[in-house]
Amino acid sequence: MTRSMTSKTSFLRGLLSRRTVLAGAVTTVLLATGGLARAQAQLDQPAPAFTATTAEGKTVSLDSYKGKTVVLEWTNHDCPFVKKHYGSGNIPALQKEATAQGVVWLQVISSAPGQQGHVDGPTALKLNKDRGAAPTQVLLDPSGQIGKSYGAQTSPHLFIVNPQGVLVYKGGIDSIATAKVDDIPKADPYVKTALGELAAGKKITHASTKPYGCSIKYGS
C-alpha cells in the first residue's frame, strides 16, 4: 500500500470515528429530550387519556368529564410566573368565570418529590384556599406521567379539551412572557379568549401559543 493510500485510509477511518461520536452524541440528546418530544399532545386529536389522584384522595379520569370542556393547568406555587397570576388574582378569576359556565378546571402538579413545587394533597388545598383559587380538582402527578403525556413544559402551561375529548388549545395563559403583574392587562389573554370562542362555537384564533414560566420539575 502506498503512502498516499495509507494516508487516505487513515483519514477515512478518522472521519468515520468522528461521525460515530457525533451520532452517539445526537442519540444521547434525543434520548434525553425524546420523552417530551414524542409525547407532545396534538391539536385536533383526542387528548391523552389519564387517571389521577386528586388532592382530596379521590380518583378521576379524563373520560369521566366527557361532554364538558376541560382545562388542564400545570402549576408550581413557588414559581414567580405562577405567583404573578395567582397573587394578582388573574388565574383564580379565570377559574371562577370558567367553572361558573360549566367548564371543568383541573390544576395539575407534576413536580417530583424533593423538587420545587412538590406538595401533598392537604398542602395543595390550603394553598388554593389562601389564594382564593377555585379549580374543579387538583391532580397530583408526582411521577410526571400526565405532564409528560401532554408534553407540558412550564408552569403555567395550559391545555383545553373540548366536550368531545379533542385537544383544541395548548400554550401560555397570555401573550406577555414576564413575571410582572403590570403586564397582565396589556397581554392578549389567550386562554380566556379561547374559552370564549369555544363556547360560541367559533374556531379558536390562537390554538397553539408559546408557554412561558418555570420549567416543570420532573423527576429522573
Side-chain angles (χ1 to χ4, degrees), residues 50 52-58 60 65 68-142 144 146-147 150-161 169-196 198 206 209-218:
F50 61 79
T53 300
T54 71
E56 296 172 329
K58 300 176 182 178
V60 299
Y65 297 115
K68 295 187 178 233
T69 295
V70 177
V71 174
L72 295 166
E73 173 218 343
W74 266 264
T75 191
N76 167 356
H77 70 283
D78 280 330
C79 172
F81 297 90
V82 172
K83 290 181 178 180
K84 162 190 175 180
H85 289 288
Y86 275 91
S88 65
N90 186 43
I91 284 182
L94 187 54
Q95 290 170 341
K96 291 169 184 175
E97 180 181 338
T99 55
Q101 296 173 3
V103 173
V104 172
W105 192 293
L106 303 177
Q107 196 183 60
V108 189
I109 303 173
S110 291
S111 296
Q115 298 292 328
Q116 183 195 66
H118 175 75
V119 292
D120 58 18
T123 302
L125 295 174
K126 184 177 186 306
L127 281 166
N128 280 335
K129 182 179 179 180
D130 293 345
R131 297 180 297 184
T136 306
Q137 295 285 357
V138 182
L139 307 186
L140 304 180
D141 180 40
I146 302 172
Y150 276 79
Q153 302 168 32
T154 63
S155 52
H157 194 167
L158 293 101
F159 299 77
I160 300 175
V161 181
Y169 176 85
K170 61 177 182 177
I173 187 167
D174 64 25
S175 62
I176 301 183
T178 72
K180 299 177 181 177
V181 171
D182 291 346
D183 284 333
I184 294 175
K186 308 171 191 174
D188 187 347
Y190 290 140
V191 172
K192 181 181 176 69
T193 299
L195 286 171
L198 181 60
H206 301 289
T209 66
K210 186 174 181 179
Y212 70 88
C214 304
S215 63
I216 294 179
K217 306 304 187 286
Y218 291 116

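Along the sequence shown, residues are numbered consecutively beginning with 1.
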**Heavy-atom side-chain proximity of Thr136 to Lys68 below 4.5 angstrom** = no

**Prompt:** Hey, is the main chain of Tyr190 close enough, under 3.5 Å, to the side chain of Lys192 for a donor-acceptor pair?
**Reply:** no

**Request:** Can you see which heavy atom on Pro92 is nearest to which on Ala133, and at what distance?
**Result:** CB-CA, 4.0 Å

**Request:** Check for a donor-acceptor pair, side chain of Ser111 on one end and backbone N or O of Lys217 on the other, with a separation under 3.5 Å.
**Result:** no

**Asked** Does the Thr209 side chain pair with the main chain of Gly172, one donor and one acceptor, at a distance under 3.5 Å?
**Response** yes

**Item:** Heavy-atom pair of closest approach, residues Pro211 and Thr154
**Value:** CB-OG1, 3.4 Å

**Fill in**
Note: Gly213 and Cys79 closest approach over all heavy atoms is C-SG, 4.4 Å

**Prompt:** Is there a side-chain contact between Val60 and Tyr65 (heavy atoms, below 4.5 Å)?
**Reply:** yes

**Message:** Could you measure the distance from the NE2 atom of His157 to the CD1 atom of Ile216? Nearest 0.5 Å is fine.
**Reply:** 7.5 Å

**Message:** In the structure I gave you, are the side-chain heavy atoms of Phe159 and Leu106 within less than 4.5 Å of one another anywhere?
**Reply:** no

**Prompt:** Side-chain contact, heavy-atom cut-off 4.5 Å: Thr75 with Tyr86?
**Reply:** yes

**Item:** Identified side chain to side chain donor-acceptor pair (under 3.5 Å) counterpart of Asn76 within the set Gln116, Lys83, Gln115
**Value:** Gln116

**Item:** Heavy-atom check, side chain of Val71 versus side chain of Tyr169, under 4.5 Å
**Value:** no

**Message:** What's the separation between atom CG in Leu140 and atom OG1 in Thr54, rounded to the nearest 0.5 Å?
**Reply:** 7.0 Å

**Asked** Do side-chain atoms of Asp141 reach the backbone of Ile146 as a donor and acceptor pair under 3.5 angstrom?
**Response** yes

**Message:** Any non-hydrogen side-chain atom of Phe50 less than 4.5 Å from a side-chain atom of Leu72?
**Reply:** yes

**Counterpart residues, side-chain hydrogen bond (donor to acceptor under 3.5 Å, both in side chains), relative to His85 (two or more places apart)** = Asn90, Tyr212

**Asked** Quick one: CD1 on Ile173 to CD1 on Ile91, what's the gap to the nearest 0.5 Å?
**Response** 4.0 Å

**Asked** Distance from Ile109 atom CD1 to Glu73 atom CD, nearest 0.5 Å?
**Response** 9.0 Å

**Asked** Roughly how far, to the nearest 0.5 Å, is CD of Gln101 from OG1 of Thr99?
**Response** 9.0 Å

**Request:** State whether the side chain of Tyr218 and the backbone N or O of Gly147 hold a donor-acceptor pair below 3.5 Å, judged by distance alone.
**Result:** yes

**Asked** Who pairs with Ala187 by side chain to side chain contact (heavy atoms under 4.5 Å, CB included), at least two apart in sequence or on another chain?
**Response** Asp174, Ser175, Ile176

**Fill in**
When every non-hydrogen atom of Pro156 is compared with those of Phe81, the smallest separation belongs to CD-CB, 4.1 Å

**Asked** Any side-chain heavy-atom pair from Lys84 and Ile184 closer than 4.5 angstrom?
**Response** yes

**Message:** For a quick test of reading the model, state the closest non-hydrogen atom pair linking Pro80 to Ala179 and the distance between them.
**Reply:** O-CB, 4.1 Å

**Request:** Identify the two heavy atoms, one from Val138 and one from Pro135, that lie closest to each other, and give their separation to 0.1 Å.
**Result:** CG2-CG, 4.1 Å

**Prompt:** So how far is it from Arg131 CZ to Lys126 NZ, rounded to the nearest 0.5 Å?
**Reply:** 11.0 Å

**side chain to side chain contact (heavy atoms under 4.5 Å, CB included) between His206 and Asp188, worked out** = CA-CA 10 Å; His206 301 289; Asp188 187 347; 4.0 Å; yes

**Request:** State, with a plain yes or no, whether a side-chain heavy atom of Leu158 is found less than 4.5 Å away from one of Trp105.
**Result:** yes

